[in-house]
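Report on the following structure.
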Amino acid sequence: MSPFFAAIFLLGLCLANAVNFKTVYQWDKFDYVWPTGGDISIGQMKQNFKPEDVDLQYMAVFGERLFLSLRIKSGIPATLVSLPTSGMSTAPPKLAPFPSWDLHKLDKCDTIQRAYGMEVDADGRLWVLDNGSGNCNSKLWIFDLLNNDTTERVHKFPDIIVSYSTAAWMHDIALDKTSDDYLAYITDSFSEHIIVYSRKTDKSWSVETPERKWQYLALSPNRESLYLIGSIGSKELYSVSVPELKNGGGRAAVKFIGEFSRGPFRMLIDNANILYAAFYGQNYISKWNISQPFREQRFHEIEDYGADRPLTFALDTNGTLWMTERSGFYSEKRHKLLKAAVGARSQ
């Protein structure tokens, strides 16, 4: 085959595999759904809020709602928010603190302080990691989305699991539905372990991974392997056997899988064994079929970006991949919410 026809053939393959993303919303700047009333603290929150400080972290989708965690900054009044996935208005929606403003009070330890990784389980519960504040310990929140967003449980991690005397920072969470329980696997970027939580017993434990600290993770559909990325900027992908994590304490051996072209900051795996990864300071998402030898493939690329973490994404149960794109710098930052049918569902 001539080089010309080979190029045409490869282009055809790329186009055949291309995913058609549709823009749902576009924001020149974000705003909150502010509480009503004459409370002086409301006016102070509005005055301190700077739209350019909104930095999207993690995403989850359930039904007709999308949930986002925001990086904590001095003018950000709520770090866990929700948006409708569609609406009658052409104007983009405002950020609604989830589940309400009452659960967002700085340094009030029975409220949400620093929302981070999150996931929705198959029974309509939203699980959210909360890294606390200077005065408040780290927690795991579980909200029942099918029962008026009520707080089903708040698990406060023992100091032996998430240390408060030394540095601790939970990043990511993956949920494992067993025959009689839900288990959550959680990364702590300051410690050489993986945290495991059982909803049935309301207990948590840690499994050591000596000389390895983790930030991002994704669970295989067969629930046999947990895929892991280490420190910020690390390109190396590892896996650990899930049965080794269920025994409560002890150690687990990790296995090297392969090396990405750049360091990922977000991963997920759909029910068709496709792992998606977004990368620090890069304008694309890659994918890899975990049932095959490791080979990174370009999945989606954006033209313009201006952030160290310009993309975040989540799958819903209908085979739709939801994604935010961020472009521009500082006061010129713009955000988009996009969606595309990928033919595979969240697990």
Side-chain angles (χ1 to χ4, degrees), residues 25 27-85 87 91-120 125-145 147-156 169-173 266 307 309 312 314 322 324 326 331 333-335 337:
Y25 301 123
W27 293 266
D28 291 326
K29 64 178 181 178
F30 284 112
D31 198 4
Y32 280 87
V33 179
W34 298 102
T36 58
D39 191 330
I40 189 171
S41 64
I42 299 173
Q44 195 169 32
M45 283 194 300
K46 290 182 178 180
Q47 184 176 356
N48 293 338
F49 173 62
K50 297 179 181 179
E52 60 268 24
D53 283 343
V54 174
D55 191 353
L56 308 181
Q57 299 291 296
Y58 287 84
M59 177 195 297
V61 187
F62 182 76
E64 297 181 351
R65 285 189 294 175
L66 186 146
F67 305 92
L68 293 162
S69 61
L70 313 182
R71 183 181 293 183
I72 185 68
K73 294 184 180 180
S74 60
I76 299 298
T79 60
L80 179 61
V81 298
S82 67
L83 298 168
T85 56
K94 296 181 179 181
L95 305 175
F98 180 87
S100 69
W101 279 106
D102 291 337
L103 270 185
H104 294 274
K105 307 289 184 182
L106 184 62
D107 288 331
K108 188 176 180 182
C109 295
D110 59 351
T111 69
I112 300 167
Q113 299 298 300
R114 300 184 184 187
Y116 228 72
M118 66 177 74
E119 189 168 331
V120 176
R125 288 180 289 259
L126 176 66
W127 301 50
V128 182
L129 299 177
D130 178 1
N131 277 302
S133 63
N135 300 318
C136 303
N137 294 343
S138 299
K139 299 182 287 292
L140 171 63
W141 296 81
I142 304 178
F143 300 99
D144 189 345
L145 302 178
N147 187 23
N148 298 316
D149 301 334
T150 55
T151 303
E152 179 189 280
R153 184 172 300 168
V154 183
H155 178 75
K156 298 178 181 179
W169 192 268
M170 299 183 298
H171 267 264
D172 211 350
I173 182 172
R266 195 74 73 248
R309 285 173 280 200
T312 190
W322 297 82
T324 61
R326 171 179 163 182
S331 61
K333 286 193 298 189
R334 298 176 301 279
H335 292 81
L337 174 65

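This is a predicted model, so every value here is computed, not measured.
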| said: What verdict does the side chain to side chain contact (heavy atoms under 4.5 Å, CB included) test give for Leu103 and Thr151, after you've listed the backbone C-alpha separation in whole Å, the side-chain angles of each residue and the deciding distance to 0.1 Å? | reply: CA-CA 10 Å; Leu103 270 185; Thr151 303; 4.0 Å; yes
| request: Kindly compute the distance separating CH2 (Trp34) from CE (Met45), expressed to the nearest 0.5 Å. | output: 6.0 Å
| Audit row: Tyr116, Ile173, side chain to side chain contact (heavy atoms under 4.5 Å, CB included) steps and yes/no | CA-CA 9 Å; Tyr116 228 72; Ile173 182 172; over 6 Å; no
| field | Side-chain heavy atoms of Pro84 within contact of Tyr25, under 4.5 Å | value | yes
| query | Where do Lys156 and Asn137 land on the side chain to side chain contact (heavy atoms under 4.5 Å, CB included) test, with the steps shown first? | reply | CA-CA 7 Å; Lys156 298 178 181 179; Asn137 294 343; 5.8 Å; no
| note | Smallest heavy-atom separation, Pro99 atom then Ile112 atom, equals CD-CD1, 4.4 Å
| said: Which residues pass the salt bridge (charged side-chain N to carboxylate O under 4.0 Å, His left out) test with Asp149, not counting sequence neighbours? | reply: Arg65
| Atom of Val120, atom of Ala60 and distance for their closest heavy-atom approach | CG2-CB, 3.9 Å
| message | Among residues at least two apart in sequence or on other chains, which ones pass ring-ring contact (aromatic ring centres under 6.0 Å, His included) with Phe30? | response | Trp27, His335
| remark: Residue set satisfying side chain to side chain donor-acceptor pair (under 3.5 Å) with Asn48, at least two apart, ordered chain then number -> none
| Interatomic distance, Arg266 atom CZ to Tyr58 atom OH [nearest 0.5 angstrom] | 4.5 Å
| Atom pair CG (Asn135) and CG (Leu106), whose distance is rounded to the nearest 0.5 Å | 8.5 Å
| Test item: Phe62 and Leu126 side chains (from C-beta on) under 4.5 Å apart, heavy atoms | no
| field | Set of residues satisfying side chain to side chain donor-acceptor pair (under 3.5 Å) with respect to Trp141, sequence neighbours excluded | value | Asp130
| request: Give, for atom OG1 of Thr79 and atom CG of Asp55, the distance between the pair rounded to the nearest 0.5 Å. | output: 12.0 Å
| request: Kindly write out the residues that satisfy side chain to side chain contact (heavy atoms under 4.5 Å, CB included) with Lys29, not counting sequence neighbours, or none if the list is empty. | output: Pro51
| said: Restricting to non-hydrogen atoms, name the atom on Gly134 and the atom on Asp107 that form the minimum distance, rounded to 0.1 Å. | reply: N-OD1, 4.5 Å
| Shortest non-hydrogen contact from Leu140 to Leu129? | CD1-CD2, 3.9 Å
| request: Kindly give the heavy-atom pair with the smallest separation between Leu70 and Val54, and that separation in Å. | output: CD2-CG1, 4.2 Å
| query | Do side-chain atoms of Ser69 reach the backbone of Gly117 as a donor and acceptor pair under 3.5 angstrom? | reply | no
| message | Holding to ring-ring contact (aromatic ring centres under 6.0 Å, His included), I want the full list of residues that pass it with Phe98, two or more places apart in sequence or in another chain. | response | Phe67, Phe143
| task | List for me each residue that meets side chain to side chain contact (heavy atoms under 4.5 Å, CB included) alongside Ala78, sequence neighbours excluded, and say none if there are none. | result | Tyr32, Pro97, Trp101, His104
| query | About how many Å separate CD of Gln57 and CD1 of Ile72, when rounded to the nearest 0.5 Å? | reply | 10.5 Å
| request: Using the test side chain to side chain donor-acceptor pair (under 3.5 Å), find all partners of Thr111 that sit at least two apart in sequence or belong to another chain. | output: Gln113
| remark: Residues passing the salt bridge (charged side-chain N to carboxylate O under 4.0 Å, His left out) test with Arg114, sequence neighbours excluded, are none
| said: List the residues meeting salt bridge (charged side-chain N to carboxylate O under 4.0 Å, His left out) with Glu64, not counting sequence neighbours, and say none if there are none. | reply: none
| Pairing residues for Asn147 by the side chain to side chain contact (heavy atoms under 4.5 Å, CB included) criterion, not counting sequence neighbours | Asp144, Thr150
| query | Got a sec, which residues hit side chain to side chain contact (heavy atoms under 4.5 Å, CB included) with Ala314, two or more places apart in sequence or on another chain? | reply | Met59, Val61
| query | Between atom CD1 of Ile42 and atom OG1 of Thr36, what is the distance when rounded to the nearest 0.5 Å? | reply | 6.5 Å
